[in-house]
Amino acid sequence: MAFLKFNKSELVNLSYSLKREIISANKTGAYCNTSIVTCNTRRYHGLLAVTLDRFGGDKFLLLSSLDESLVVDGKQFNLGIHRYGDVYDPRGHKYVVDFQADPVSKITYKVGDIVFVKSIVLAPDVDQVLIKFELVKAPSKVSLVLKPYLAFRNIHALTHVNNQADTSFEEVPNGAAFRMYKDFPDLFLQMNTKDAVYKHLPYWYQGITYSDERRRGFECQEDLLVPGSFEVDMKEGDSVVFSASIVEANPATLKRKFNDIVKKTPEVSNTRDQLVRCADTLVCNHNNHKMITAGFSWLYTGLLRESLYSIVGLTLAKDGNAAEFEEILDNLIADQQERFFRRTTQVEAPLFLPVVLQSYVNEFGADPKKVWRKYGDTVMKMIESYLPGVRGEISMQPNGLLWAQKDHVALSWMNAYVNGEPVTERAGYQVETNAFWYNAICFALDMEGRFGAKNSDFVAVWTPIRDLVKANYQPMFWNERRGCLADYVDGNGQNMSVRPNQIHAISVDYSPIDEELFPSILKVVDNELVTRRGIRTLSPRDNNYRGVYEGSQTERDLAVHQGCSIPYLLLPYVRVSFKVKGPSFYKKAQWLLEGFYEDLSKHGVGAFSEIYDGEPPHEPHGAISSALSTATFLRIDYYMNKYKEA
């Protein structure tokens, strides 16, 4: 029995089925993403999008969709579905009777007495999507007609009829190859059987409408080229495999390759299996250079903050793979020299590196001496980059704390903008940035003192700075009347918007806050921010609170950091809650985690979403498969096992 599946009544209801997406990704940087009835609702949807180094490493959509038609006794039944304005045509979803998501995406159609099954897999090691069509039941001969819709565009863009497009083709074994524009790779469309016939008749289908883009107020219509069609006769029990790839395939191997991929795909029997599967898709190995993809289908690969926050969960907590952890971290440090050591608008992100290394040593048993000898210089150099005169956006002040300010720029992870202005600028002393700052200095001093040079200059210089930060942090941020920490402090004093950033101040290994204050801060967070789908970015008691991520781009950007629930913020919350409450917190951690499992059939089927509404019923939004969320749940699962055993 499939772990995730849908029935006919759910599938034919477009208001239900179009909100649920399937996502497959491989190590080359390719992905396949569409709705469970294969109607594309986003510009990012398509059967094959690939990473192209020749265009700066961005992702490009080559094959948007593939429409199937069954021809029986001269009658044609179209199984595809597209939206044009307010009209769906064809309406192939009415024939769908079953969908299951594992081990691979499989859709079953019923046309009269005919039962027809389509299964979609993405090859794990090459830019190739394979689609298997099975005629399970048929009273007579059936002709299968396949129409590919070509895009050849950046995933963030849309395309339209133009005279630069090359609509010609080249014949290849059991198929045809297309290259719509210069410098693109060829797209090879092939079938496993020589009985398949390609008929070339190029035609632009205009005005294809993406309902989700329309709902969000974005440009939502494009034109796609259908170069022709593939036709093959089938009888009951027959199956054929269609391949789309940027590398010419050997048709004789397609069916075996499809079956091998399915056979090697790990079975999903529980939520832990699903977490591991998602984690695997979020680690990309394009050109043998391992990086973390922040989320599918539109978030980028190799981002500093997202990679640092998720690396432990996606590697060590997943399966204890220390070699993969270090490989990804080494690549990240090499790729992100500018942000680590010179400038970044997410000023707290580089300071999270010590948190990552602390987890590696303290939770997953890495040798501290080896870790420091490998990463110590990087950590110390990163800390020194916050001294005055190095970074223009942030620097250490005479009181030892970090002041971040760049007019009209959001200098933290809360970086939404409306009309060019940041929604939450947070200029001044930021509560989480300075907590990471203190933790980083303490960690570096401890490690350098134990494993560094005998008379280390770093220890001599930074010991008094550590003491200065410790002396000034709590008086700067603690608010006795409110019983919690200010979100930031500027020229006007403490900003007492109740936000989740203060959780980091008590969750880091070296907290600048007295432990007796932890319960009070946790109580405020519990009462005002914690939901069953993450931590709200702003208290509902605040006049600026917006708890629903819907409406125009402006309305959504106003909400994302003004009340939406963010799953990854559960990690510091759960960590410090276990620290304060011990095993008694286990039940609540379990309750929080199970809430996300209840949503596995929503938004991204079998995937973990980026953000949720702050208001019940806490609907999911954003990227359908988030590295931050997936890593967080793997870490929480790790902590639960640890405290359950205790």
Side-chain angles (χ1 to χ4, degrees), residues 21-35 38 40 42-66 101 103-105 119-132 148-157 175 177-181 183-190 241-249 253-254 257-258 260-262 264-265 277-303 314 604-607 623-627 630:
E21 305 177 35
I22 54 175
I23 178 71
S24 298
N26 69 8
K27 298 304 180 185
T28 70
Y31 76 77
C32 169
N33 180 205
T34 184
S35 69
T38 66
N40 294 339
R42 304 180 189 266
R43 69 184 66 199
Y44 303 101
H45 281 175
L47 292 178
L48 183 64
V50 301
T51 298
L52 296 180
D53 296 328
R54 64 189 72 181
F55 297 132
D58 283 347
K59 286 184 169 65
F60 287 79
L61 181 64
L62 302 182
L63 179 62
S64 177
S65 58
L66 183 71
V104 298
S105 297
S119 304
I120 306 171
V121 301
L122 192 66
D125 54 356
V126 67
D127 296 328
Q128 180 183 33
V129 65
L130 296 167
I131 306 175
K132 184 177 182 179
Y149 288 67
L150 307 184
F152 279 76
R153 61 162 173 83
N154 189 291
I155 62 169
H156 301 289
F178 307 90
R179 183 188 295 184
M180 287 182 65
Y181 305 104
D183 297 330
F184 271 85
D186 287 332
L187 176 64
F188 296 90
L189 304 183
Q190 298 170 270
V241 174
F242 175 91
S243 166
S245 176
I246 64 172
V247 178
E248 184 177 324
T253 67
L254 290 178
K257 183 172 185 177
F258 179 94
D260 285 346
I261 293 171
V262 174
K264 292 176 182 177
T265 301
R277 175 179 287 190
C278 287
D280 285 338
T281 67
L282 290 159
V283 175
C284 175
N285 195 23
H286 184 69
N287 292 335
N288 292 315
H289 189 77
K290 283 192 178 181
M291 299 182 290
I292 289 172
T293 298
F296 290 107
S297 27
W298 57 84
L299 298 183
Y300 289 94
T301 299
L303 298 177
L314 297 184
V605 175
I624 63 172
S625 181
S626 164
T630 306

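Partner of H286 under the side chain to side chain donor-acceptor pair (under 3.5 Å) criterion, chosen from T293, T301, D53, T51: D53. Of the residues I155, L61, I23, L47, the one that meets the side chain to side chain contact (heavy atoms under 4.5 Å, CB included) test with N33 is I23.
When atom types are taken as modelled, the side chain of N26 and the backbone of D127 share no donor-acceptor pair closer than 3.5 angstrom. A donor-acceptor pair under 3.5 Å is absent between the side-chain atoms of T630 and the main chain of A627, judged by distance alone. Formation of a donor-acceptor pair under 3.5 Å by the K59 side chain with backbone atoms of Y300 is not found in this model. The closest donor-acceptor contact from the side chain of R43 to the backbone of H156 lies under 3.5 Å.
Residue I261 holds its CD1 atom at 7.5 Å from CG of D125, rounded to the nearest 0.5 Å. For the atom pair CG (L48) and OG (S245), the distance works out to 7.0 Å, reported to the nearest 0.5 Å. Atom-to-atom distance recorded for L52:CG and L62:CG is 6.5 Å, nearest 0.5 angstrom. Rounded to the nearest 0.5 angstrom, I131 CD1 and L66 CG are separated by 5.0 Å. Atom-to-atom distance recorded for F55:CZ and N154:CG is 10.0 Å, nearest 0.5 angstrom. Residue D280 holds its CG atom at 5.0 Å from NZ of K27, rounded to the nearest 0.5 Å.
A pairwise comparison of heavy atoms in L254 and A249 identifies CD2-CB, 3.9 Å as the closest pair. When all heavy atoms of A607 and S625 are compared, the pair lying nearest together is CB-CB, 3.8 Å.
Two residues are said to be in side-chain contact when any heavy atoms from C-beta on lie closer than 4.5 Å; F296 and L282 meet this criterion.
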Checklist entry - When you look at S64 and N40, which way does the side chain to side chain contact (heavy atoms under 4.5 Å, CB included) test go after all the steps? => result CA-CA 8 Å; S64 177; N40 294 339; 3.2 Å; yes
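The aromatic rings of W298 and Y44 sit tilted relative to each other, their planes meeting at an angle between 30° and 60°.
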